[in-house]
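Right, one structure below, let's go through it.
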Amino acid sequence: MLPVSNFPNDVGSIRPNLRRSEDLDGVISTRLDSAVGWARKYSIFQYPFVTACCGMEYMSTACAHYDMDRFGAGFPRFSPRQADVLMVVGTISHKIAPVLRRIYDQMASPKWVVAFGACASTGGFYDNYATVQGIDTILPVDLYIPGCPPRPEAVLQGLMMLQKKIQEQGR
Amino acid sequence: MDTKALLAELYDVVGLGVSALSGSGFDAFITVEQNSARKALEFLHRKGFNVLADLTCVDYLRYGFDERPLPPSHPHRLRRWPSPPKPPRRFKLVYRLLELDPAEGLARGRLAVHVWATGKEAGPPSVMDLWPNADWLEREVWDMFGIRFSGRPDIKRILLYEEFVGHPLRKDYPIDKRQPLIGPKEGAARTVVSDEPLRPDPS
Amino acid sequence: MKKTYLLNMGPAHPAMHGVIRLILELDGERVVGADAEIGYLHRAFEKQAESGVWNNVIPYTDRLNYVSPLINNVGYCLAVEKLCGIETPMRCQYLRVIACEISRITDHLTCVGANAMELGAFTVFLYLMKAREGLYFCVDKLTGARVTASYARVGGVKADLPAGFQEQLREAFRTVRECVRDSEALLTKNRIFVDRVQGIGILDKETALAYGVTGPVLRSAGVPYDVRRSQPYLVYDRLDFEVPVGTAGDNYDRYLVRLAEIEQSMRIVEQCFEQMPQGSVELNKGQLIEAGLLADLGKRGKTGHIWDARADTDPVIEGSGRTSKPDIAADRPEVVLPSKEETYGSIEGLMRHFELVMWGRGITPPPGEAYFAVEGGNGELGFHVVSDGKDMPYRVRVRPPCFFNMAVLHKMLVGYTVADIVATFGSINMIAGELDR
């Protein structure tokens, strides 16, 4: 029997502690969870919400030299309905914050959010009236990639950590 | 372009509103009273300054004052220069004109026109009809400094949102006064963020 | 009666890079009115600049036009130097030119690549990004960072060329030429591409001038205005380069002008390497001590035997190599940080260092204001700096070339179809960081 658990990405709510697939009951559910996790982590459809400088490194990472495609994340979907990882790449100002929130709300669960770069993570060195001090003030974040902008190697490391998280998350 | 001769002509047209010519070559600038600003700019436009390269504003509220509190242990700040003269008014608009030869692609002349805004909010008449890009530039000056240009339609914010109160580049607007549209008030970080955040280490 | 309707495009639109909102008035598929809403990346650069010391602005300038950050660095430093009355050494000027031109190439590569990608030519994007990657590698070697380099300093540059830089750059240029050639083969006569860009988004000369448009967009309309040519700064008057000019002012010409400028920039860099004076060589080099040990000795005050020592550091680390190569920064102790050897090796050096980094000290330009324009990736990039004689800028204003290009965007959209918006918007290379600041 498959255990019923909350989807962790309910809009606006604080997420319950994630359960590792090993903790779940039963052989079948464990196997199924890991199969689902495996499938999900290698078919990341990302929505790049590119606003600023980090976009340059995002482009570098996505292109042939660093090649994000090796990790199954090669296909950016520019529609929130078709994406399951929201990559917030660059500074989020207060003017665009509602737009970002709406895009997050439009994405279907399960979904994950990556704060790409210092500005998306904390506001970076823009500590002023215009800038959101980290996107975690407006939506839940799964992965922070530090750097201003992060080097492509850091992005790839972050991507692998996100895959690990997706694998362990179960359904 | 001979700026001296130009200035003499400008005196004839505008009269006493033009107060000074300073600098030389491409750094020359004239200071014009707000009442005669429109006339002077019209004249300069006629004289061949075909590009409005920039329009900006400077808020002289704290010019020459020490506004930054010093730490108690600090002896005193370095003073290498004598205090600059007190500015006559608070806001100064800078019109940066460029005379560009379209065939050669060379700048024939550059002239900055400094206009001290008289009122707290009121600015000189708009120059949108002379240089159409003044539309966005004037909107930016309104947005950032709250100087309202007269004789132009629908001035609205350009960089900030309509809900924003105040004009951030004024010296009395605190840099960290946030007015978020969504999220926590004052834009501060929430104490509870996502569970199990992953942070790659830089090594 | 014909009815028009409004369409909102952006600020997060699938086919457009950058955050901007277009409010379009459509008659069927034809655009009859357009208005751009900007400011979605307003990060308060100008306010932030007023809240720190003069040197603190340099990292913020990186993030103005983040596709060509080095030009912004140099532009800001030149403006402050104009205020202080500083002339930098010849080698430093050449280094700045090299840095600027590398940045200009990355700017144009990114613009052409992204534009082509949005029109469906994904391969071109990959080729040009490959070319850009080689240049980023060189920028990384030179400055220590790939994108946000902060290379220029008031009065000089951060460090001299690292060993083997010229060969690496030559290799990178070979890749760039190869990739540009491949991309041209894929695009320039490609019927699909040409049909979508030729005769689309036409901006005539008079409108461009009236709106203060500069850079490749103005040049493609037939006005050969280039700040490097019109008001030569640094050593551009000694370099031989052409200013490519278009005729029609449409998207196709903008594409061709950008590709031609890539080649010219590479020519400039190659000439720089030929003309550049070699760094002076110090004969008595003193003993070579490992940098960490030197710092430790200096911190403990044991400077008796290391006063003439040199730190053995990576040449890209700031300050190293200054004593042996004084040609990369002006001899102005009131603005230029001393080398690490001096700082740790002598009390005068230490005091000079503290005078520049301590709270309330630092660079203090005389009261006044200065405007300096350089040719940025998108046109005339001007910095207007106002000082009241203190260690913090009173006001820093950027004249962002993008702002003027975007102000005229509606003229380029009206009369064409919705599908042409993507092509036109891509070809003017909007960079939100510099547009909204």
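Everything numeric in this text was worked out from a predicted model, so none of it was measured.
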**OP:** Please report the C-alpha distance between C/Ile38 and B/Trp136 in whole Å, then the side-chain angles of each, then the deciding distance to 0.1 Å, and finally whether the side-chain contact (heavy atoms from CB on, under 4.5 Å) criterion is met.
**Re:** CA-CA 10 Å; C/Ile38 65 169; B/Trp136 275 32; 3.7 Å; yes

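- Annotation: maximal heavy-atom pairing with chain B below 4.5 Å, among C/His384, C/Glu37, C/Arg229, occurs at C/His384.
- Most heavy-atom pairs under 4.5 Å with chain C: of the set B/Ala53, B/Pro168, B/Ala134, B/Cys57, this distinction falls to B/Ala53.
- For the options C/Pro367, C/Gly382, C/Ala221, C/Ala36, heavy-atom pairs under 4.5 Å to chain B are most numerous at C/Pro367.
- Contact of C/Lys205 with chain B is made through the side chain alone, with heavy-atom distances under 4.5 Å.
- With contacts defined as side-chain heavy-atom distances shorter than 4.5 Å, the pair C/Glu50/B/Ile175 does not qualify.
- Within a 6.0 Å sphere centred on NZ of C/Lys411, heavy atoms belonging to other residues, nucleotides or ligands number 12 at most.
- When side chains are defined from C-beta on, B/Val94 does not count as touching C/Arg397, because their heavy atoms never get closer than 4.5 Å.
- If you measure heavy-atom distances from B/Tyr161 to chain C, you find no contacts under 4.5 Å at all.
- The parts of C/Arg399 that come within reach of chain B are both its backbone and its side chain, each placing non-hydrogen atoms under 4.5 angstrom from that chain.
- The heavy-atom pair separating C/Pro224 from B/Pro102 by the smallest distance is CD-O, 3.6 Å.
- When atom types are taken as modelled, the side chain of C/Lys47 and the backbone of B/Arg170 share a donor-acceptor pair closer than 3.5 angstrom.
- Among the candidates B/Arg96, B/Glu104, B/Arg157, the residue making the largest number of heavy-atom pairs closer than 4.5 Å to chain C is B/Arg96.
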Original post:
Going through the checks in order, is the side-chain contact (heavy atoms from CB on, under 4.5 Å) test met by B/Leu100 and C/Leu218?
Top reply: CA-CA 12 Å; B/Leu100 190 61; C/Leu218 180 64; 4.2 Å; yes

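- Using a 4.5 Å cut-off between heavy atoms, C/Glu380 contacts chain B through its side chain alone, with no backbone atom that close.
- Between B/Leu137 and C/Phe403, some side-chain heavy-atom pair lies under the 4.5 Å cut-off.
- Within the 4.5 angstrom heavy-atom criterion, atoms from both the backbone and the side chain of C/Glu46 approach chain B.
- Neither the backbone nor the side chain of C/Ala208 comes within contact range of chain B, judged by heavy atoms closer than 4.5 Å.
- Distance alone, capped at 3.5 Å, is enough to place a donor-acceptor pair between the C/Tyr394 side chain and the B/Tyr63 backbone.
- Of the listed residues (C/Ala407, C/Pro366, C/Gly368), the one with the most heavy-atom contacts under 4.5 Å to chain B is C/Pro366.
- Applying the ring-ring contact (aromatic ring centres under 6.0 Å, His included) rule to pairs touching residues 109-130 of chain B yields B/Phe29-B/His114, B/Tyr60-B/Trp116, sequence neighbours excluded.
- The structure places OG of C/Ser230 at 7.5 Å from CG of B/Leu98, a figure rounded to the nearest 0.5 Å.
- Residues C/Val408 and B/Asn133 form no side-chain contact, since every pair of their non-hydrogen atoms from C-beta on lies 4.5 Å or further apart.
- Contacts between C/Arg437 and chain B at a heavy-atom distance below 4.5 Å involve the side chain alone, from C-beta outward.
- Neither the backbone nor the side chain of C/Ala44 comes within less than 4.5 Å of any heavy atom in chain B.
- The two residues B/Val58 and C/Val386 have their closest heavy-atom pair at CG2-CG2, 4.2 Å.
- In this structure the side chain of B/Asp59 never reaches within 4.5 angstrom of the side chain of C/Arg395, judged on heavy atoms.
- With a threshold of 4.5 angstrom between heavy atoms, C/Phe404 approaches chain B through side-chain atoms but not through N, CA, C or O.
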